[in-house]
J.: 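Shown below is the structure under consideration.
Read the numbers this way: they start at 1 and go in the same order the structure lists the ligands and their atoms.
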Amino acid sequence: MPELPEVEVTRQSFCGRIEGARVTEVRLGKPLRWPLGIESEQLIDRTVGEATRRGKYLWLPLARSGDDGGGLLMHLGMSGSLAFGTGLGSAAQHDHFDLVTTRGMLRLTDPRRFGAVVWSPSIDEGTAAKLLCGLGLEPFDPAFTGQHLYAALRKRRVAVKLALLAGDIVVGAGNIYACEALFAAGIDPRLRSNRLSLRRCERLADAVRQTLAQALALGGSTLRDFRDAHGMQGKFQAQAQVYGREGEACRVCGSAVRRVVQGQRSTFFCASCQRR
Ligand SMILES: [Zn+2]
């Protein structure tokens, strides 16, 4: 599943190249998670603004002279990827949205079709506002501090791993990154959220940021031939301390890495490096 770093690397891969382009054609494939929400002809002749990211959503402003703008909110779902270029060719079986512009085509490929491309009158109104309103802070937002995390976790009784995964305190700590951040912070993923001290919350906030920064750096280094979010995740996983390493030796202490299931997702951790 594409996570925040993959989405951010995707954004960086086309943002500068598509900005300022004019839309010349829109092609829709099979239905995605939600309908487009506008007649596709209404997108023609609009000018693409600066693509931004919020959580795992991308916002592509599409301005037209004489109206208030609006744009497309995009999500990669479980299996989606976006490519931008001039030589992408005609749509294949899993290509379900093409935005053809004067600078190249932005194409969503999504075999499982949980992805979405949805029109909204602005990022703060309509569908976009509805989809984004429950999201937590961005991990690199200066407001995401240990104190913020501490105040939010104090109100919860669920395991700290589940509180991170929920995405309403901080976005970006998907399954791999939550496991790795908890390892880096030395915190047992099963620990109840409201039992974390401020000091441990500070370490955890740093660990979330550092884990995501590491993933972004990895994506940045493969940006040129970046095509598939899963390829990038694979590279991160190859360096993982605990994720996907059940039964293998902890890279720090040598104990066997354990796996438990929390909220139907696998959690990997080292019971001696990560304390309750
Ligand atoms: Zn260990």
J.: What's the count of protein N, O or S atoms under 2.8 Å from the Zn ion (ligand 1)?
T.: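 Counting protein N, O and S atoms closer than 2.8 Å to the Zn ion (ligand 1) gives 4.
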
J.: Using side-chain contact (heavy atoms from CB on, under 4.5 Å) as the criterion, list what pairs up with R259, not counting sequence neighbours.
T.: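 Listed in chain order: E246, V261, S266, F268.
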
J.: With a cutoff of under 4.5 Å between side-chain heavy atoms, which Ile, Leu, Val, Met, Phe, Trp and Tyr residues group with Y150?
T.: L198

J.: With the side chain counted from C-beta on, respond yes when F114 and S79 share a heavy-atom pair under 4.5 Å apart, and no when they do not.
T.: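 Contact flag for F114/S79 side chains = no.
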
J.: Classify the ring geometry of F14 against F84: parallel below 30°, tilted from 30° to 60°, perpendicular beyond 60°.
T.: tilted

J.: List in chain and number order the residues that pass ring-ring contact (aromatic ring centres under 6.0 Å, His included) with H96, two or more places apart in sequence or in another chain; answer none if no residue qualifies.
T.: none

J.: So that I can tick it off, tell me whether R275 and D188 are bridged by a salt bridge, with the cut-off set at under 4.0 angstrom between side-chain N and carboxylate O.
T.: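 Judged by the 4.0 Å cut-off on N to carboxylate O distance, D188 and R275 do not form a salt bridge.
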
